[in-house]
Amino acid sequence: MLKKILAILLAMMSMFLFAACGQTDNSGNSGDNSADSGKQSVVAPDYSDSDLVMPTYGYTPPPLRNGIDYRTEERYKEYRDAGLNILLLQADDGYDGEAWDSSELKKKMDMAESAGNDKIIMFDQRLWRLCGYYDIGLVGSDKQFATTGQLDDYVRNCVKDYSKHSAFYGIQLRDEPDIHKLKCMGDLYKSLKRVLPDAFIQINLFPANSSNMSRNYYTMDTAGKSLADCYKEYLLKFLEYSGADYIMFDSYPLAPSSIRADHFTTLQVANEVAKEKGVSVYAVAQTCSYSSNGSKKTRICSEDDLYWQTNLYLGMGIKQISYFNYWRKKASDNEEFFDNASFINEAGEKTAIYGYMQNIHAEMQNLAKVILNFNYKGCKVVAPTPSDFSTSYLGGLVEADLAKISDLKAEANDAALITELYDEKNGNYMYMLQNILDPILDDDEEEPCNTDLTLTVTFKDLKAGKLIVYDKGNPTTVELDGGKYTITLKAGHAVYVIPY
């Protein structure tokens, strides 16, 4: 009898040990805790089922210019083929309440939709005029509308025809409002969202700029405050008045011979506010070269300049990218826009920028399926000293500890920006590793002045000891040796990695 009991117990123990050897970890893969493996078998992060797309569009769409009407189906298709998936029809194609069926706006929207533009932001002159009141709202006994109901009725009447168009996507309000216009624009924004809850209502704000601060564009009380302080007040006031779910700004950092430091202040503060308030950040990129009052402000972008901007925006968690300009903008009283600095020049010809951005957009949309699942968390700058150049333009960034990186090393005369993004739903981290040196060309405008970056990153706390590396949107898997990954990048270029 005792022998039988012992036999049964031995059989049960054998079954238990066999089951334990085959048990799985949380990923569903067989666990391997052997001393010689040192790595767990885990499922790689997978975003193959994502259908996310980066929204993109350009200011100054095909115009009526020099007696030639470029607003044709062919030109709208050309716009779409550049990789721009939203069409922004601005004041030149604006609507002012005329008979809808015979209106120029309807003709342009019909034509653009036939060319494949199924998302169109339009411009309503009547709503634009409501955005011009200083330091007062739109609703009240002594205001434009006695009640919110009256304002909503007016807005509903304005949008009743064009909002039914199958390609209608949204409405552009005033560009770059200062602090004095935010209250009336906020009232109008809220009314439009009550009437058209699914429409995109576009309000592009100022970037952080010291001259704007001196003009009291951000706040009337600047005493003892930094540019970042004043800019934060401005962004918070916009969100308070409008209740918007995004912050949007335009910033043109590539000066004739340097990079503007306030570009990084803008990005830093916008992300700080976005995190506090739970909103997204949208940005306008530089595809223009212009002078103001005779002083040249920005340069014509090279291909590396365009990569520099795009990678920085993606790495800083930007969720929508637009461009100033698509077509060369007309000169104004105090500004001149130089030719061949946008997608299309004055003569209606594609520039080199058109081709560069067409390729960059294709690469970016491959990455967008993944990166749009992540939100910006923080950054580190690696810039060994002494060096042969200044990286003072990075001073607007506030550095943070990185969750999965233990060490960063770069060679002399290199400068790297490492940003951390996090996918809260799936618990994954992503890092952008960018050569943040100015990609400015030499005097012959043929070769970049600055050096390639060689960066070594040591990762920590990884289960599989691997990275998914996205280079120009294409993923590869890299197995790490001792957690180390080394990459060489041209100025402006970047890779995006997901450690696991």
Side-chain angles (χ1 to χ4, degrees), residues 51-57 85-90 93-97 100 103 105-106 109 112-113 117-131 133 137-140 143-175 177 181-205 235-249 270 273-283 318-322 372-373 375 425:
D51 59 358
L52 295 175
V53 174
M54 177 66 77
T56 57
Y57 56 93
N85 51 42
I86 299 170
L87 176 63
L88 175 64
L89 295 178
Q90 296 179 263
D93 299 301
Y95 182 68
D96 205 1
W100 170 247
S103 69
L105 177 62
K106 184 179 185 302
M109 291 181 74
E113 185 179 29
N117 297 278
D118 59 353
K119 294 182 177 65
I120 300 175
I121 301 170
M122 49 75 62
F123 188 94
D124 189 322
Q125 300 280 3
R126 298 163 298 176
L127 300 179
W128 180 85
R129 287 191 288 268
L130 283 181
C131 298
Y133 294 95
L138 295 176
V139 179
K143 309 252 182 355
Q144 288 293 108
F145 303 92
T147 66
T148 56
Q150 290 180 5
L151 172 59
D152 290 355
D153 287 343
Y154 179 80
V155 166
R156 192 174 290 109
N157 184 64
C158 287
V159 307
K160 61 182 171 60
D161 292 317
Y162 56 72
S163 64
K164 296 173 185 174
H165 195 285
S166 52
F168 172 78
Y169 183 72
I171 300 168
Q172 181 189 32
L173 299 184
R174 278 189 188 247
D175 195 56
K181 296 190 182 79
L182 292 186
K183 184 65 174 77
C184 66
M185 292 184 73
D187 286 348
L188 182 55
Y189 183 96
K190 287 179 177 177
S191 178
L192 281 162
K193 294 302 283 186
R194 288 192 294 267
V195 173
L196 298 171
D198 297 327
F200 173 53
I201 309 304
Q202 195 238 41
I203 300 177
N204 174 54
L205 302 172
L235 297 183
L236 288 170
K237 191 61 69 175
F238 165 73
L239 293 176
E240 175 189 338
Y241 286 148
S242 68
D245 60 358
Y246 72 91
I247 295 164
M248 178 178 178
F249 58 82
V273 171
K275 185 176 180 180
E276 281 183 25
K277 297 300 181 180
V279 301
S280 298
V281 183
Y282 303 160
I318 301 302
K319 304 296 188 185
Q320 180 198 87
I321 301 177
S322 50
L372 290 177
N373 293 280
N375 292 313
K425 178 181 177 182

If you compare all heavy atoms of [X] against all heavy atoms of [Y], which two are closest, and at what distance to 0.1 Å?
X	Y	value
G94	Q125	CA-NE2, 4.4 Å
A283	I318	N-CG2, 3.8 Å
L127	L173	CB-CD2, 4.2 Å
T147	V139	C-CG1, 3.5 Å
A274	V281	CB-CG2, 3.5 Å

- Task: For L188 and M185, run side chain to side chain contact (heavy atoms under 4.5 Å, CB included): C-alpha distance rounded to whole Å, both residues' side-chain angles, the deciding distance at 0.1 Å, then the answer.
- Result: CA-CA 5 Å; L188 182 55; M185 292 184 73; 5.6 Å; no
Side chains of [X] and [Y] in contact at under 4.5 Å (non-hydrogen atoms):
X	Y	result
V273	F238	no
R174	I203	no
R126	Y95	yes
K237	E240	yes
K277	L236	yes
N204	M248	yes
P55	K119	no
Q144	Y133	yes

Can any side-chain N or O of [X] pair as donor or acceptor with the backbone N or O of [Y] at less than 3.5 Å?
X	Y	result
T56	N85	yes
D187	G137	no
K193	A199	yes

Geometric class of the [Y]/[X] ring pair [parallel <30°, tilted 30-60°, perpendicular >60°]:
X	Y	result
H165	W100	perpendicular
W128	F123	tilted
Y282	F200	perpendicular

- Message: Could you walk me through whether L87 and M109 satisfy the side chain to side chain contact (heavy atoms under 4.5 Å, CB included) test, starting with their C-alpha distance in whole Å, then the side-chain angles of each, then the deciding distance to 0.1 Å, before giving a yes or no?
- Response: CA-CA 9 Å; L87 176 63; M109 291 181 74; over 6 Å; no
- Looking at L182, D245, I247, which hits side chain to side chain contact (heavy atoms under 4.5 Å, CB included) with L239?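 Among L182, D245, I247, the one meeting side chain to side chain contact (heavy atoms under 4.5 Å, CB included) with L239 is I247.
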- Item | NZ/NE/NH1/NH2 to OD/OE distance under 4.0 Å, R129 and D96 | yes
- Query: Can you list the steps and then say if M54 with L372 is a side chain to side chain contact (heavy atoms under 4.5 Å, CB included)?
  - Reply: CA-CA 8 Å; M54 177 66 77; L372 290 177; 3.7 Å; yes
